[in-house]
Amino acid sequence: MGAREDTTIPGLVVAGVAKARTGMILAAEEALAAIGRQPRRRQRKYEADIAVLTASIAGARGEWGTVVRELEPLTIAGRTSFVVYRLPIRWLVAEALENLGRDEEAAAAYELVIDPLRLRGIGYLVRPSYVALAHCRLAPLYARLGRPDEARRHWQSAQAMITTPDPVYRELLATARAAVAVASGRPSDGHSQN
């Protein structure tokens with residue numbers, strides 16, 4: 001006999017967010033629908049977490065405006081989530097703003113990912129991963145915004161934090177390095193041009 005599925009609201013939120021992040025939109029919607037069948041008094045306690053699941057589904061569909069609308073108020077203030085915490089919320093908002101082409105706002109949102117403001121509990125434990133990724137995203141953003149010094153600073157921070165990169169991190173670091181090189185007017189491969 002296998003393990004039983006967690007049908008509590010926190011369990012459904014975690015499963016639904018994970019499914020949305022991996023593109024399994026229908027399964028994430030089923031988790032949200034199962035939450036909707038729970039008593040309203042239980043749902044009220046997890047309103048912020050349910051908003052994160054709703055926004056995660058919207059993000060998986062490419063509905064980035066909905067993500068910003070649902071989650072931006074929760075990045076610093078508002079009801080805290082019990083399951084997801086603030087860092088994933090901040091990340092999803094930054095990612096949404098970047099996908100909307102709102103680079104200046106996206107840069108500010110990724111900077112907020114780096115900032116420990118109003119984090120608590122598990123947020124501190126997972127923070128290094130988010131910070132390293134935020135540095136990787138900020139380097140090309142600042143390069144596009146014409147701010148090569150800030151782009152270089154974030155690329156150097158990412159490089160210092162990610163000492164043994166896996167293939168995904170290697171690609172992110174290479175993208176950041178190339179963006180910094182272009183913004184600085186240098187070739188990205190480290191070789192001089194003839």
Side-chain angles (χ1 to χ4, degrees), residues 1-102 105-106 108-134 136-138 166-169 171-172:
M1 188 167 188
R4 293 187 126 180
E5 186 177 333
D6 186 348
T7 59
T8 65
I9 291 176
L12 290 166
V13 166
V14 169
V17 168
K19 290 184 184 322
R21 293 299 286 180
T22 58
M24 299 172 65
I25 298 171
L26 185 58
E29 288 172 334
E30 288 170 1
L32 185 59
I35 290 170
R37 291 189 290 273
Q38 300 269 346
R40 183 68 190 129
R41 64 179 168 69
R42 284 193 198 145
Q43 291 181 47
R44 271 194 297 275
K45 179 179 178 181
Y46 296 101
E47 282 178 341
D49 294 295
I50 294 167
V52 173
L53 176 53
T54 301
S56 296
I57 293 167
R61 288 187 186 129
E63 298 168 0
W64 299 111
T66 301
V67 173
V68 174
R69 223 175 9 266
E70 286 281 329
L71 296 185
E72 199 167 37
L74 302 176
T75 58
I76 297 174
R79 288 193 68 162
T80 187
S81 63
F82 290 98
V83 180
V84 182
Y85 299 99
R86 288 203 200 279
L87 271 173
I89 292 169
R90 291 175 181 176
W91 182 269
L92 195 51
V93 168
E95 186 178 44
L97 290 166
E98 186 177 11
N99 278 291
L100 288 168
R102 294 162 55 182
E105 293 170 86
Y110 282 121
E111 292 282 5
L112 186 56
V113 168
I114 294 170
D115 193 330
L117 178 68
R118 299 204 59 189
L119 295 183
R120 62 184 180 91
I122 197 161
Y124 285 109
L125 296 176
V126 298
R127 186 170 175 264
S129 298
Y130 280 94
V131 169
L133 285 168
C136 286
R137 295 300 262 284
L138 280 163
D166 65 11
V168 171
Y169 275 114
E171 184 178 330
L172 288 169

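Bear in mind that the values here come from a model prediction, so they are computed numbers and not experimental data.
Residues S56 and L92 form a side-chain contact, since some pair of their non-hydrogen atoms from C-beta on lies under 4.5 Å apart. Residues V17 and V52 form a side-chain contact, since some pair of their non-hydrogen atoms from C-beta on lies under 4.5 Å apart. Side-chain atoms of T66 and R69, non-hydrogen and from C-beta on, do get closer than 4.5 Å to each other.
Across every non-hydrogen atom of V67 and A96, the tightest pair is CG1-CB, 3.6 Å. Closest of all the heavy-atom pairs between Y169 and L133 is CE2-CD2, 3.5 Å. A106 approaches A94 most closely through the heavy-atom pair CB-O, 3.9 Å. Minimum interatomic distance between V93 and V68 (heavy atoms only, all atoms of both residues): O-CG2, 4.5 Å. Contact record, A134 with I114: CB-CG1, 3.8 Å, taken as the closest heavy-atom pair. What you find for L12 and E5 is that their closest heavy atoms are CD2-OE2, 4.5 Å.
Between the side chain of Q38 and the main chain of T8, no donor-acceptor pair closer than 3.5 Å is present. Checked by atom type and distance alone, the side chain of T75 never pairs as donor or acceptor with a backbone atom of L71 at under 3.5 Å.
Applying the salt bridge (Lys or Arg N to Asp or Glu O under 4.0 Å) test to residues at least two apart or on different chains, the pairs with a partner in residues 88-101 are R21-E95, E98-R137, E98-R144.
Interatomic distance, CZ of R37 versus CG of L32, reported as 10.0 Å (0.5 Å rounding). Within the model, atoms CD1 of I35 and OG1 of T54 stand 8.0 Å from one another, a figure rounded to the nearest 0.5 Å.
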